[in-house]
Asker: 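I have a structure here, written as C-alpha cells, and I will follow up with some questions on it.
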Amino acid sequence: MLQISKIRENKEFIIERLAVKNFDGKKTIDEILEIDSKRRKTQNELDALLNESNVIAKQVGELFKAGKQFEANELKAKTVLLKEHSKKLEEELCLLENDQHTLLVQLPNTPSVLVPKGKTPADNETVHEEGEIKKLYEGAIPHWELTSKYDIIDFEMGVKLTGAGFPVYKNKGAKLQRALINYFLDKASAAGYIEVQPPILVNEASGYGTGQLPDKEGQMYYVGIDNLYLIPTAEVPITNMYRDVIVKEADFPIKNCGYTPCFRREAGSYGKDVRGLNRLHQFDKVEIVQIQHPDKSYETLENMREFVASILRELELPFRILKLCGGDMSFGSALTYDMETYSAAQEKWLEVSSVSNFETFQSNRLKLRFKGKDGKTQLAHTLNGSALALPRIVATLLENNQTPEGIVIPKVLVPYTKFEIIN
RNA sequence: GGUGAGGUGCCUGAGAGGCCGAAAGGAACAGUUUGCUAAACUGUCGUACGGGUAACUGUACCGCGGGUUCGAAUCCCGCCCUCACCGCCA
C-alpha cells in the first residue's frame, strides 16, 4: 500500500510512475486526496470537540471534590450536546478513513525509475544470459514423458489422491526433490540467510500483511472452518514475522530463508503451459527474504539476483535474467527480475525465480519499521525471491540432462542425491 | 472437546473510576568514569493521525468491538487470542 503522505507530496510523480505499470491512477488519486482533506478537516473538528469535553470533565471532577455540586451539574449539562456532536463526527471520520483505505489498497506499487516501459512479457528486458543451450539427441522427450519412463513422478496417482496439479514424486524423483531442497537451503545458509521453518497455514492478518488479501484471495486455498489460508509462498509467513515490529537499524540486513510447500489455486489456467510440472497447485520452494534499509535495498536486490544466478550456474542450467517491464510486474513490486532456465525439450524459457524489491509497499501494511539515526521511525524495505522453485528446475534438469542412457544429475547435486544418473 | 487463568509499553510487572500514556525493575541508547572488559553514576527511552517553518501542541490507543459515566486501563456486555490442567493424538 502506498503511503498517503507520499501521495500528498508527490501526486504527479506517482501518477506518472503508475502509468509505467499501465495503471491509470489519476481518478483514484484525486478521489483519495479529496477524501484526505475532508478526513483531516473532520479530525481537526473532532479533536477540538474532544478536547473541550476533556477539559470539562476535569473541571467537573474538581468541582465535585470542592463540594460544589450545583456548579458541577451545570457543567455536566453542557457535555450532552458535545457528546452528540462528537459521536456524529466520529462516525463520519470512520467512514472517511474506510473509504480512503479502500481506494488506497487499489493502487499498485509505483515501479522504480529503472523499470522499462511495456505491456506484455515481450517487452521485458533481457539483462543477462548465460550457459550453453545444448542440442538434444534424436529421440529426446519432454519431462512429462521422462517422468513416466523412469517412474519418478506419477501425475495420475496425484489425480486419484487429490486432483490435477498435485503430483506424486517417487523413487529417484522423490529423492531428487529432497536433494534440491537441501542443496538450496545449504546455499542460502552459506550466504548468510537465517533458516526458518514457518507454518504453511496463515491467518487473515498475515495474508493482508503481504498483500494477498483482500484482493487475491481467489489465489489461495482457504480452510474455512478455522479461517486459515494455505500459503502460496513462504514469503507470506516469513515476511509476516516482522509485522508490527520496529527493528534496529543496526540489524540490517535481516536475511531469512525457508523451505515450504506452496499452494496455488491457479483458477482459470489451462493448456500446454500447465502440462507436467509447468504449473502445479502444490509445489516446493525455498524462499529468500530480506529486510533492508531504504538506502541499500537496490544494492541488496542485485545481491539476491546474483545469489540465485550462482545456483543456476552451479546446476549447469542455461539461464537468462529479465528485468520485467511495467506491464508484466506484480501489483506490489517496485522492481522485479525474473530468472528463466531454458528447457531444451519444450524449447522454451521457464520462469524458475522471481526476485523483487517491494520498497515500502509491504512494510506499510505490515507496519514494519526501524528507528533511524535521527530517532525517527520509518518504514523498512522488503525484498524476496525464490531460490528456487522446484518443479521447473526439475523439468529443465530432466529435459536438458537426458541422454540415451538416462538422466545425468549435475555434479553439485550428487552429494545430496547419492546417485549420478536416473535410469 | 471439557475446565480454569489471563491478555498493560522492547521484556518482566504494578495500577482496581479523575492526580494514568500509565509505577518499579530489566533491556536498549547517549554521556561521565575507565588501560581493556565489567561495574557504577547521570540522562534519554511508546505508537499513530492531525495542527504549526519550528520550539511545541491536540486527539486516540492498556487484546478487539460496544455500553454505563461529566470522566474508563479500571465497571458491564459480546467477540478474539494466549496459557495451564484433563481427555484424544503424531
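Chain A is the first sequence line, chain B the second, and so forth, proteins listed ahead of strands; every chain is numbered from 1.
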Asker: Between the protein and nucleotides 56-67 of chain B, list every N/O to N/O distance that falls short of 3.5 Å.
Answerer:
from  : atom 1 : to      : atom 2 : distance (Å)
B:G58 : O3'    : A:Asn51 : ND2    : 3.0
B:G58 : N2     : A:Gln43 : NE2    : 3.2
B:G58 : N2     : A:Asp47 : OD2    : 2.9
B:U59 : OP1    : A:Asn51 : ND2    : 2.6
B:U59 : OP1    : A:Asn54 : ND2    : 3.3
B:U59 : O2'    : A:Asp47 : OD1    : 3.2
B:G67 : OP1    : A:Lys87 : NZ     : 3.1

Asker: Taking only N/O atoms, report every protein-nucleotides 45-48 of chain B pair under 3.5 Å with atom names and distance.
Answerer:
from  : atom 1 : to       : atom 2 : distance (Å)
B:U47 : OP1    : A:Lys371 : NZ     : 2.6
B:U47 : O3'    : A:Arg369 : NH1    : 2.9
B:A48 : OP1    : A:Arg369 : NH1    : 3.3
B:A48 : OP1    : A:Thr377 : OG1    : 3.4

Asker: Measure from the side-chain heavy atoms of A:Lys248 and tell me the nearest of B:G18, B:A28, B:G51.
Answerer: B:A28
Asker: With sequence neighbours left out, which residue pairs that include part of residues 8-33 of chain A fulfil the salt bridge (Lys or Arg N to Asp or Glu O under 4.0 Å) condition?
Answerer: A:Arg8-A:Asp36, A:Lys11-A:Asp30, A:Lys26-A:Asp30
Asker: Taking only residues two or more places apart in sequence or in another chain, which ones pass side chain to side chain contact (heavy atoms under 4.5 Å, CB included) with A:Glu204?
Answerer: A:Leu213, A:Asn227, A:Tyr229
Asker: Show me, pair by pair, the donor-acceptor contacts under 3.5 angstrom made by side chains of residues 78-96 of chain A, not counting sequence neighbours?
Answerer:
from    : atom 1 : to      : atom 2 : distance (Å)
A:Thr79 : OG1    : A:Lys76 : O      : 2.6
A:Ser86 : OG     : A:Leu82 : O      : 3.2
A:Ser86 : OG     : A:Lys83 : O      : 3.1

Asker: Hey, which of A:Gln212, A:Lys285, A:Arg264 is the one that makes side-chain hydrogen bond (donor to acceptor under 3.5 Å, both in side chains) with A:Thr233?
Answerer: A:Lys285
Asker: Can you list every pair that meets ring pair (Phe, Tyr, Trp, His ring centres under 6.0 Å) and has a residue in residues 358-384 of chain A, with sequence neighbours left out?
Answerer: A:Phe252-A:Phe370, A:His293-A:Phe370, A:Phe331-A:Phe361
Asker: Is any side-chain N or O of A:Arg40 closer than 4.0 Å to OP1 or OP2 of B:G51?
Answerer: yes
Asker: Under the salt bridge (Lys or Arg N to Asp or Glu O under 4.0 Å) rule, what pairs show up with a residue in residues 173-188 of chain A, not counting sequence neighbours?
Answerer: A:Lys187-A:Glu314
Asker: Can you list the residues that meet the side chain to side chain contact (heavy atoms under 4.5 Å, CB included) rule with A:Glu316, with sequence neighbours excluded?
Answerer: A:Pro410, A:Lys411
Asker: Using Watson-Crick or G-U wobble pairs with both distances under 3.5 Å, give me RNA chain B in dot-bracket, 5' to 3', with [ ] for crossers and | for pairs to another strand.
Answerer: ((((((((.[[[..)..(.....]]].(((((.......))))).((((((....)))))).[[[[[..)....]]]]])))))))....
Asker: Mind checking side chain to side chain contact (heavy atoms under 4.5 Å, CB included) for A:Pro121 and listing every partner two or more places apart, or none if nothing turns up?
Answerer: A:Asn124, A:Asp328
Asker: Going by side-chain hydrogen bond (donor to acceptor under 3.5 Å, both in side chains), name the pairs with one or both residues in residues 150-166 of chain A, residues two or more places apart or in two chains.
Answerer: A:Asp151-A:Lys170, A:Asp151-A:Asn171
Asker: Return the set of residues passing side chain to side chain contact (heavy atoms under 4.5 Å, CB included) with A:Arg305 (not counting sequence neighbours), or none when no residue passes.
Answerer: A:Val127, A:His128, A:Glu302, A:Ile321, A:Tyr337, A:Met339
